[in-house]
Protein chains: 2
Amino acid sequence: MATVAVENYLKHVLLLSEGGEELVSMGDLAGALAVVPGTATAMVKALADEGLLEHQPRLGVRLTTRGRRIALNVLRKHRLVETFLVETLKMDWSKVHAEAEQLEHAVSDEVLDRLDALLGHPRQDPHGDPIPNRAGKIDSQVYATLATCATGRRLRIVRVTEQSEEFLRFAEDSGLRPGAELSVGERNLVSGLVTLTRTDGGKIALGVAAAGKILVEPRG
Amino acid sequence: MATVAVENYLKHVLLLSEGGEELVSMGDLAGALAVVPGTATAMVKALADEGLLEHQPRLGVRLTTRGRRIALNVLRKHRLVETFLVETLKMDWSKVHAEAEQLEHAVSDEVLDRLDALLGHPRQDPHGDPIPNRAGKIDSQVYATLATCATGRRLRIVRVTEQSEEFLRFAEDSGLRPGAELSVGERNLVSGLVTLTRTDGGKIALGVAAAGKILVEPRG
DNA sequence: CCACCTATTTTGATTAGTCAAAATAAGTGT
DNA sequence: ACACTTATTTTGACTAATCAAAATAGGTGG
Ligand SMILES: [Mn+2]
Ligand SMILES: [Mn+2]
Ligand SMILES: [Mn+2]
Ligand SMILES: [Mn+2]
């Protein structure tokens, strides 16, 4: 069975390749896993020997079919566990990522299936992140962000792509969670400021970096 | 934080000392952890250096207060997780031990508290094993077993002290689960055979070793 | 008391995962 | 073409946990 470290490496390669076929650089991978670059290189060579990913020296890595299968299963565990923690145990959505980071390696496939059924086969987790189904199919729809969408239109938040506790607490306090509706008032590319108007009329100011982490779709 | 291995060693020392103050032998400890004796010796020395247990060379080990505190917390996680798996996820009681063996190391204290509340602060797990409370207090009542109790009296099963999947499936199939009522017909110490009579009149034959794993109290 | 048996400890290796720091390969610009 | 910068790889070392096999300490029986 894959160790905790192996599962984490594979999952992060999957997340960093964002569905596409691009190579993931060693620097990005090492950064995501919080290890020094040499460590990532060593591990990647071992995983390549195991046939779980393909390593193009000095360019980067890409998952093989086998590696991707494992990574999707871990990601499914992660996101279903997050959903369970919020829906069933009523935990705060800002804290469940850290918990799931551990539990994703301890939950068996059998428990996974039962959690999935208990929760009614959810398609998104509490952050709006898509949950791969049992077959490994994952919704990879591309959405606009608050940094790129048209201004003035009515929007609905579909996803918040940032796991840090501080950011999620801020988003929660500002009413910026999946399902919330709002519109972008103006966007000043020089100052890097985005102004939002909530349904209740409240206004919120956000930097473009933060705005880019909030995915939206036209309300309809 | 204590590693998975450390948590397992401490928990097994606790289980093998059965509440009392007796020393746990290296052989028993190594056997319970499925490691060779030399490995247990090495680990025990490290844990003694950490102040988590007391090692009397060639005699055995005993938990310190700190070690016992950690062990009880792990045991509480194990048994609450088992209860959750059976009560909420409807898993078979014969399979939950193996699952809990992993999850006991991945569940945080916060998740533990919420599980406890969700389940209504249970005092026993699905096998009748007592669940330590948050303060670390654990019910250590001593019960008779089907191998030692008086014959002819009406009894109620309170606990099944064996975790193996095969044994628990057998017990399940024979109606021998906590709460079930029965009496011991006769016990032949020569042949080592114990004959039970269920409430429904059904008779079951059992070896003394197996009978000793089923704890009972007089029905009342 | 001494030889023997058995549990325990010691010794020497191994594996997985990691870091620090030195070496190297690939651009980039001049 | 050459010097520079930067990402990546290599090298050497370390920790936690383990096993196999040799050494040893305590009883136990005669
Ligand atoms: Mn993880
Ligand atoms: Mn998520
Ligand atoms: Mn365990
Ligand atoms: Mn149990």
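Hydrogens, waters and symmetry mates are skipped; everything else that's a heavy atom, side chains included, is used. Just so it is clear: chains get the letters A, B, ... in the order the sequence lines come, proteins before strands, and each one is counted from 1. Owing to the predicted nature of the structure, the values given are computational and were not obtained by experimental measurement.
Pairs passing the side-chain hydrogen bond (donor to acceptor under 3.5 Å, both in side chains) check and including a residue from residues 37-51 of chain A, sequence neighbours excluded, do not occur. Residue pairs that meet the ring pair (Phe, Tyr, Trp, His ring centres under 6.0 Å) test with at least one member in residues 25-68 of chain B, sequence neighbours left out, do not exist here. Within the structure, salt bridge (Lys or Arg N to Asp or Glu O under 4.0 Å) pairs that include any residue of residues 52-67 of chain A comprise A/Glu54-A/Arg62 (at least two apart or interchain). Pairs passing the ring pair (Phe, Tyr, Trp, His ring centres under 6.0 Å) check and including a residue from residues 23-50 of chain A, sequence neighbours excluded, do not occur. Pairs passing the ring pair (Phe, Tyr, Trp, His ring centres under 6.0 Å) check and including a residue from residues 119-139 of chain A, sequence neighbours excluded, read A/Trp93-A/His127.
Using a 4.0 Å cut-off between charged nitrogen and carboxylate oxygen, A/Arg76 and A/Asp116 count as a salt-bridge pair.
If you walk DNA chain D from 5' to 3' and mark each nucleotide with an atom closer than 4.0 Å to a heavy atom of chain B, the marks span D/dA17 to D/dA25.
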What pairs of donor and acceptor atoms, side-chain ones from residues 95-102 of chain B against any protein atom, are under 3.5 angstrom apart with sequence neighbours left out?
| unit_1 | atom_1 | unit_2 | atom_2 | d |
| --- | --- | --- | --- | --- |
| B/Lys95 | NZ | A/Glu110 | OE1 | 3.3 |
| B/His97 | ND1 | B/His78 | NE2 | 3.0 |
| B/His97 | ND1 | B/Glu82 | OE2 | 3.4 |
| B/His97 | ND1 | B/Gln163 | OE1 | 3.4 |
| B/His97 | NE2 | B/Glu101 | OE1 | 3.4 |
| B/Glu99 | OE1 | A/Ser108 | OG | 2.9 |
| B/Glu99 | OE2 | A/Ser108 | OG | 2.7 |
| B/Glu101 | OE1 | B/Lys11 | NZ | 3.2 |
| B/Glu101 | OE2 | B/Lys11 | NZ | 2.8 |

Below 3.5 Å, can you tabulate the donor-acceptor pairs from side chains in residues 141-151 of chain B to any protein atom, sequence neighbours excluded?
| unit_1 | atom_1 | unit_2 | atom_2 | d |
| --- | --- | --- | --- | --- |
| B/Gln141 | OE1 | B/Tyr143 | OH | 3.2 |
| B/Thr145 | OG1 | B/Ala147 | N | 2.9 |
| B/Thr145 | OG1 | B/Thr148 | N | 3.2 |
| B/Thr145 | OG1 | B/Thr148 | OG1 | 3.3 |
| B/Thr148 | OG1 | B/Thr145 | N | 3.0 |
| B/Thr148 | OG1 | B/Thr145 | O | 3.3 |

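Every residue meeting the salt bridge (charged side-chain N to carboxylate O under 4.0 Å, His left out) condition with B/Arg169, not counting sequence neighbours, appears here in chain and number order: B/Glu165. In this structure, B/Glu186 has no salt bridge (charged side-chain N to carboxylate O under 4.0 Å, His left out) partners at least two apart in sequence or on a different chain.
To the nearest angstrom, P of C/dG17 lies 12 Å from NE2 of A/His105. Atom OH of A/Tyr9 is separated from atom P of C/dG17 by 8 Å (rounded to the nearest Å).
Residues from residues 38-48 of chain A placing a heavy atom under 4.0 Å of any atom in DNA chain D, listed by number, are A/Gly38, A/Thr41, A/Lys45. The stretch residues 51-58 of chain A touches DNA chain D through A/His55, A/Pro57, A/Arg58, each having a heavy atom within less than 4.0 Å of the strand.
Listed pair A/Thr3 / C/dG17 meets the phosphate criterion, a side-chain N or O lying under 4.0 Å from OP1 or OP2.
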